[in-house]
Amino acid sequence: MKQKITLPSGFSFDGTNMLGEGRITEQELHQLAPRIACAAAAVDDIRRTGKARNHFSKDGNPEPVYFPRLPYPGDHSPNTPELLDQLKAFGESVRQNEDAVIFCGVGGSYLGGKVLYDCASSEFWPHRCDQLPSIFFSGNNVDSEDMTEIREWLEVLARNKKPLKVLLVPISKSGTTMETTTAFLYFYEYLSRHSDRFEVHGAVVTDNLMESGPLNRLAWKFGWPMFDVPVGIGGRFSVLSTPGMVVGAVLGLDLPELLRGARDMDEACRSGDIETNPALFNATLKYVSAASHGATIEVIMPYAMRLKALGEWYVQLLAESLGKRKNREGETVFYGRTPVVAIGTTDMHAQTQMHQEGRRDKVVQFLFVESWKGKLTVHNPFPEIAEYRGYEGLDAANALQAAMEANEEALSSDNRLNALYTLPELSEYTLGQLFYFLMLSIAYEGELADVDAYDQPGVEIYKKIMKAKLKR
Ligand code: PA5
């Protein structure tokens, strides 16, 4: 069977090292054919109806699932052409008028935007925006050191420009999340108290339906721009919606291009055939690795420093979507894989020993960006040192690829499961493809495992305990 699927854009998913004797066999996949067909049909149903079987909100009400509509701006989508225009205009105005921006958010209201920020600040990003305000992320923890450090940075910036115009952007669907609220209140109070040095502005990203929510009330009161976190878009599926795109807009990213990438991926993932649908193929291999090959851990290993945030975004997507005690029939299944982020080559010097010789409970998922090759060449200023001679003319990304291939080969030589995603380059288009591919893979796997990929009942337990502890 075909083991690698390459799309016209150059994006590929290579499952070769997952398959074969001592790994996942073609016979296993054949036996699973009816279940794969049902999973494909179930995701098609979600695309068409916006409903996922047996999915309810935490209040027990039926809740739509609209992430597959995000790539198609229009009447039936949470994304509309008007929204894209508003976001573009907002981004332009922020870049013209603000000196600093603090995005306050956590979980799904932070992780996707951070990926966009990390990627777009790359030297090798195709069209970088020169005139950016200083950008900070806070509220992704309640870390007083971190908040103090941002405040000190703002003070340094305010030495050269008075008043320093600072835009606070709380991103919170509920509007009441503890970490986000702490950061927002801290900075708002501090900056307004020092109005000799700072001018504070606001813009909110929250659920418009909650008219009485705190962020909605503040936005009305102060006339701040407001962006809706739409119904049917859970935090971990929201990077292609307002929580992620508001960050992209400020960075000057081409948001229609991000959605075009997602749309092309959606169209490439329509069939019920694992030999042509890369997300279904990925989901099937991961499902079989977990269900029959003991893979309780998935290591996501981009070979790129700045894709660490992508790994962290994927951690939430995998953990919250598939880590479930019960299946949709109410039976106890304890499904899921523990996600772990590793960065190549860095973690080859830290984790690879465990991947290569530890318990056979992992699947290692590599990610590589092709276009970085040929961008940075090393020269050796010390020809007299024999050990350095081989470094003359070394292409850094070729070295990175050689390291990754060595890692793949070493793992495969011991039948350790591993697979590879390749992006032709890092751009809005390819990121849109990758985000959507990963969300769709998780949606398919939820169907294969028969778990609700869209709820997170487990997080309510600590939230209740924490609420009681914080009561004043
Ligand atoms: O996936 C989720 O639902 C969570 O990670 C939320 O995004 C996170 O808790 C933040 O919630 P809110 O946007 O309501 O502040």
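Quantities reported herein were computed from a predicted structural model and do not represent experimental measurements. If you read the sequence from its start, that first residue is 1, and numbering goes on from there. Every number for a ligand or one of its atoms is a count from 1 in the order of the listing. Hydrogens, waters and symmetry mates play no part in the numbers below; they use all other heavy atoms, side chains included.
- Counting only N and O atoms by type, the side chains of Y287 and R35 include a donor and acceptor under 3.5 Å apart.
- Y190 carries R151 over the face of its six-membered ring, with the cationic atom under 6.0 Å from the centre and within 45° of the normal.
- Looking at S174, P170, G107, it is S174 that brings a heavy atom closest to atom 14 (O) of ligand 1.
- Residues E329 and R53 are paired through a salt bridge, judged by an N-O separation under 4.0 Å between the basic side chain and the carboxylate.
- The protein heavy-atom contact nearest to atom 12 (P) of ligand 1 is T177 OG1, 3.3 Å.
- At most 12 non-hydrogen atoms from other residues, nucleotides or ligands lie less than 6.0 angstrom from CZ of R359.
- E199 CD to S192 OG: the interatomic distance, rounded to the nearest 0.5 Å, is 11.0 Å.
- Protein heavy atom at the shortest distance from atom 10 (C) of ligand 1 is V106 O, 3.3 Å.
- Near S109, meaning under 4.0 Å from any of its heavy atoms, are these atoms of ligand 1: 7 (O), 12 (P), 13 (O).
- Between F281 and F13, the angle of the ring planes goes over 60°, which puts this pair in the perpendicular group of the 30/60° scheme.
- Neither side chain, D14 nor Y421, offers a donor N or O lying under 3.5 Å from an acceptor on the other.
- Distance screen at 4.0 Å: atom 5 (O) of ligand 1 has a protein heavy-atom neighbour inside the cut-off.
- Atoms of ligand 1 found under 4.0 Å from any heavy atom of S172 (numbered from 1 in listed order, with element): 12 (P), 13 (O), 14 (O), 15 (O).
- Polar contact with ligand 1: present for G108 (N/O pair, distance under 3.5 Å).
- Looking at ligand 1, you'll find an N or O of E320 within less than 3.5 Å of one of its N or O atoms.
- Annotation: atom 3 (O) of ligand 1 to nearest protein heavy atom, G235 N, 3.9 Å.
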